[in-house]
Structure formats: C-alpha cells, structure tokens
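Notes follow once the structure below has been shown.
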Amino acid sequence: MAGSAGNYSDKTRVLDIRPLRTLKPVFPSGNQAPPFVCAPPFGPFPPGFSPFYPFSASQTNQHTPDLNQAQYPQPHQQPQRYQQPRNPPEPSLVTPLRSFRSPDLSNGDTEPEGSTVKRKIPKKRPIARPENMNFESGISVADRENGNRELVVSVLMRFDALRRRFSQLEDAKEVAVGIIKRADLKAGSTCMSRGVRTNTKKRPGIVPGVEIGDIFFFRFEMCLVGLHSPSMAGIDYLVVKGETEEEPIATSIVSSGYYDNDEGNPDVLIYTGQGGNADKDKQTSDQKLERGNLALEKSLRRNSAVRVIRGLKESSHNAKIYMYDGLYEIKESWVEKGKSGHNTFKYKLVRAPGQPPAFATWTAIQKWQAGLPSRQGLILPDMTSGAESIPVSLVNEVDTENGPAYFTYSTTVIYSESFKLTQPSFGCDCGTSCKPGNLDCHCIRKNGGDFPYTSIGGLVSRKPMIYECSPSCPCSTCKNKVTQMGQKVRLEVFKTANRGWGLRSWDPIRAGSFICIYAGEAKDKSKVQQTMASDDYTFDTTRVYTPFKWNYEPGLADEVASEEMSEEYDIPLPLIISAKNVGNVARFMNHSCSPNVFWQPVTYENNSQLFVHVAFFAISHIPPMTELTYDYGVTRTIGTQNGNPLYGKKKCFCGSEYCRGSFG
DNA sequence: GGCCCATCAGGAGC
DNA sequence: CGCTCCTGATGGGC
C-alpha cells in the first residue's frame, strides 16, 4: 500500500521555520585542511574552559572565508514572523556572550495595538519599541487569531525549546524532595503571556495549520495552537447564538484513555461526560447536563462535528501522547450508572469518513508491537540480526523488491588510523552519575556548564559539540551518554514510493529525542580524494547545510537567558562517513529540504579513544510512520558564491513546499 | 529498572 | 474571585 503513510498526512513540511541566522561555515580551505586530529581537541582543558571548536582552532580563524559571500539557498523567504536581533558579524573563534535581554526601559509598557490576548501581569516586559519588538512573539494579531501550518509548527517548536530549557534549569537546581517540576506549565504560561500562540479564535471543525495525525506531548501544546484550549478539562466548547438563546456547542474533546473507551474500533469513541467528581477521581455525585456535557448534547442536536484528540499512555516514559484524529460526529448520548452508582453521561462518537487514518494507524502499530498480526509487507522482522537492542523491521508495501543491496550492519563508527588521538582521553570524577548543576564535573563544564540532556534524555539545545561522558568516567548510570546507549525508538526501513528505501518509526518521537548515530567507515575529509568523496551512502560534515532555528529564545523568558544560544556556529569538522559497505539504519534516512531530523556532532569514547560522532535528533514531534529525513546539504564545491544559491547534484523528490530542487 | 498507584501543585477559562 | 477540569511529575511499593 504505497500511500498508507504517504497520504496519511504530509509530515514532510515539518520544518518551515524561517532561518533566523545564517549558519556560517568555516571550512579549512579545501585540500589544505588540517590533519583530522593530532592536537586533541578534547582536552584536557583548564577548568571552566570549554572550547568552541572541536578541532585545532588556530587556523580556522585565518581561513575563515568571507561569510557574507557564502550564499545559502534560501528556499523559504517567508514573512518575517519573529526575528531576533541580528548581531553584527564578529570575528569568530572567541564568541562573546550574546545577551538577548534588552536594557530595562521600565514603565511606559504598552499593549501591542489591538491585542486581545489576556495577559497576566508581566514580570518585566520590554517596551514595544521597534528595537524591543523582537522579544514579543512577533506573531501579528491576525495570525494569532487564525493560524496556518507554518505558524503552528513554529509555535510548537518555540514552546518545546523553552520547555526543554526550563527543564534543564530545574534539573540543575538542588530541589527539595517532593517538589514537582512542571516545565511544561512554565513554558506554556510564558508562551501564553508573550503571545506565542495561534488560532486563539475558538472554532468548531478544522483548525488551520493543525493536521490530522499531529501528535502532542503536553496539553498546553494543543492549547497554544488552538486545537483544544482548556489546560486540563476534556471538553472544549463555544457559546453560540441559538434559536432562542445562547447555547454551548462542543469544539473538541480529549480522550485520555483512562475511561472505558475503546471497543476495538478505532473510528468509534465512547466518551464520558464531565463532572460529579468532587473528590479527586472518585465519582461522588450525578453528572449534570451543563458545561461540556450540555455542549456535547447540543452538538449532537445540531449535527456539529467535534475534533477528537486521542490520548495514549506510552509505556516507555510514563508519558501520555496525544494524537489529533480529525472530526467525529456525535451519534447518540445516554445516561448510565457509573461504577460508583452515580449517573454518568455517555456519548458515542463516530469518525467522519474520508479522513486520512491517524489513530487507526497508531492502534495498528500497537498490535504489531504485541506481535499478534504480522506486519503487512514484512521482509525481515529484524534486519540488524540482533545488533540493535530494538529490532528494525524491513518492509516493502510498494513493489516486489525484497531488500536493499547487501551491506554489513554495524552499530558503531569504524575509524581509520588517521583518527588516532595522541593523548589519552580523560573524563570526570563524579560518582555513579553526573548531577546536572554540578559545575565541578569536567564533562558538564565541557558542555558550557549546562547538562546537555533533560532527565528523560532529550537534547536541550543544538551546539557546536556535545561532550558526553565516557567509559573512562566513573559515572556508570550517568544520563550524559544518550547517544551511546543505542536506539530507543522502534524503527523500520521501508520502500518509499519514489525515493528508494527510507526510514520511519513505529513510535511517536518527541522533539529533541535521539534517534540514531551515523555509523560507517569514517574518513578524514582532508585525506580523501575529492572524486571518491561521495556516493549515496556518504555523510559529509563539510557540506553546506541550510540553517535553521531550534534552540529556545532567551528573549522570551528573562530568567532563562544564559550563555550563547546562537546556532550560527562553524563546522570545522572534516569528517566523512561512508556507509556503503558498513553502516546502520541512518544510511537509509533520505534527504528533505524540510526535514524532521537534524544531525549534531557528539564526542565520546570508542575503544578507549575519543571520537566525534554524528548523532541524529528529532527537530519536532514526529508522528508514528512518518518518514524520517534530514538535510543532506550541498557539496561545497558545487555552489557558487556570488549571490547564487548552491545546488546539489541530485534531483530532490522531498515534496516539500520549500524544496530547493536538488541536494547532495 | 519497570510498572502501578497515590499524591499534589497546577493554569486557564468559565 | 472561585470553581472545575480525562495534568504530569514524583516517590513508594512490589
């Protein structure tokens, strides 16, 4: 079934954030690139010093080409939604702290014209002067009321970046026992008060920019994009003029799955009304036909469709995941006695026909996970033959090809001799685990003082380099080893309709989650002949990559501002990894001009030596069965530099609205 | 370490 | 302001 994933919803357009900055490359000029290693870039460093460049920095500065001449393809010149202050170009190497805080110009605080957003008392909000406008959402009043895909994606990414940062700060604090951290609430209310939201105009039916199959990890996310506004309640409704008086109609419901719903048919939902639970979750009284219950009743009478969000508990992280499953019609309602003997409203909802599958796909996956029915088109249940701790299925639902060409599966990178470091590595001297916030930890210091991952293992920010703990550190249960612990999501290699084999996940993936590394035979770019530099299975760090903004915006929340959050860093890694003969799942990840995955250099030990690895992380939340893609970049020699965009050698079929047309 | 449960502080919208 | 609401993190028990 070729289209099953393809048309279920277009997730290829995940990333269309307008790049805020230009990713300026500093490349060792062509073939004179320095030997890959020699001077170990990894330390030991003096305490507190964290090198900006992973490789010998001395020469990079001098070879820095005129950055303004390195032109990048700018596929999406979009209206300037939000913009951060552009810092004047600075000599790189030592990058000073850039603060996003504006001078405190106290008082005179004015609402943006026509703002309808209710605000809490802002702590210290900059004046809406042009030079300070950047700290506001940058989303116009009109866009706040009625969104679009681009805005929805942008709001979600900005929320999650902020949430990860709050989470990082909370983790670093020595918090008293029993204090519950709610980074989601902090990030959510920050976004609310700063106007980082869209579709505030409440409406039944379709919400512009929210697609069927979109997933959410927090209730606040659905609130911020106008899918479902209550932060806890399950029924959202709107008061409209009726024939005689005003009456509520339901706009959306969230089915948490806690109540007795599912009868096996994913298109049918039996939903329980609200109320009667005065005492926590125990029902102590009859439910009344008011509020949400009344709204559902009125919607039934009016034949008004209701958006349904399906919640599902993920066994892995104790987390609940929500999936927007499109519009449902309320077919009937009744009252029945609940377990405690009190009256409970019930509503039977049936999914409107003609919508792409979403929750149904998800439930099908649950069954595959349990191993009950065999996966359609399955060629191999585990193409890694046990090399990965989680199996990787090989599937072809498109044609008769029974697998990709032969290669050796390896979970690790194989480095050639030239990579050998001359100095031994050294780690930290923490106990069994490194504690975020412990600035005595060498490894944390190498990361600029911030623990790079959240407590559940999500990457907080993109950086020029992530320094992970290594086997030579004593910390056995340390969380700073995310990319060394193997894959955590259930992946599948599948035959795409027009791009050969591709990679996707059975599991929903959170933004910032580690997906896999790029395994293969690593070569020093400076020692490889140009001609043999690239084939279909080559990863090349020296390509030109389209910049994008992923990290949090310190300007949104003063208390969050810290060190350099620029993503405008140089990539002086002359690293090439060939996965033609040896590789892992990463070799199947296709290119997209609007990718949902990005790569990040990470350093950790491998066979008692430190190496740079290429690790892939999710840009945004990725629904199950959505193809995973990243930006392959463009080979540097191909591009012209005088104002013309760079083009690759290969024709691009990514299908993105912002497709550059070629890559590689 | 994983799963299940009880506990609790929460934010927004009515 | 006060109330409600199909949260989400935490810690204990097994």
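Naming: A, B, ... by sequence-line order, numbering from 1 per chain.
Residues passing the side-chain hydrogen bond (donor to acceptor under 3.5 Å, both in side chains) test with Ser333(A) are Glu297(A), sequence neighbours excluded. Applying the salt bridge (Lys or Arg N to Asp or Glu O under 4.0 Å) test to Glu329(A) and every residue at least two apart in sequence or in another chain returns Lys331(A). Taking Val210(A) as the reference, Val152(A), Val207(A), Asp214(A), Phe216(A), Val225(A), Leu227(A), Tyr324(A) meet the side-chain contact (heavy atoms from CB on, under 4.5 Å) condition, with sequence neighbours excluded. Taking the salt bridge (Lys or Arg N to Asp or Glu O under 4.0 Å) definition, one finds that Lys201(A) meets it with nothing, sequence neighbours left out. Remark: Lys481(A) pairs with no residue by the salt bridge (Lys or Arg N to Asp or Glu O under 4.0 Å) rule, at least two apart or across chains. Listed by chain and residue number, Pro248(A), Arg291(A), Ala295(A) satisfy the side-chain contact (heavy atoms from CB on, under 4.5 Å) test with Tyr237(A) (two or more places apart in sequence, or in another chain). In this view, Arg307(A) satisfies the salt bridge (Lys or Arg N to Asp or Glu O under 4.0 Å) rule with no residue, not counting sequence neighbours. Taking the side-chain contact (heavy atoms from CB on, under 4.5 Å) definition, one finds that Thr411(A) meets it with Ala387(A), Glu388(A), Tyr409(A), sequence neighbours left out. Residues meeting the side-chain contact (heavy atoms from CB on, under 4.5 Å) test with Arg490(A), sequence neighbours left out: Gln369(A), Ile390(A), Pro391(A), Ser393(A), Trp506(A), Asp507(A).
Residue-level contact check: Arg182(A) touches the bases, meaning some heavy atom is under 4.0 Å from a base atom. Contacts of Asp236(A) with the nucleic acid, taken as non-hydrogen atoms under 4.0 Å apart, are absent.
Of the residues in residues 224-234 of chain A, those lying under 4.0 Å from DNA chain B by heavy-atom distance are Ser231(A), Met232(A). Residues from residues 288-304 of chain A with heavy atoms under 4.0 angstrom of DNA chain B: there are none.
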Watson-Crick and G-U pairing of DNA chain B written in dot-bracket, each distance under 3.5 angstrom, with | for inter-strand partners: .||||||||.||||
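By the 5.5 Å and 30° criteria, Tyr237(A) is not stacked with the base of dC14(B).
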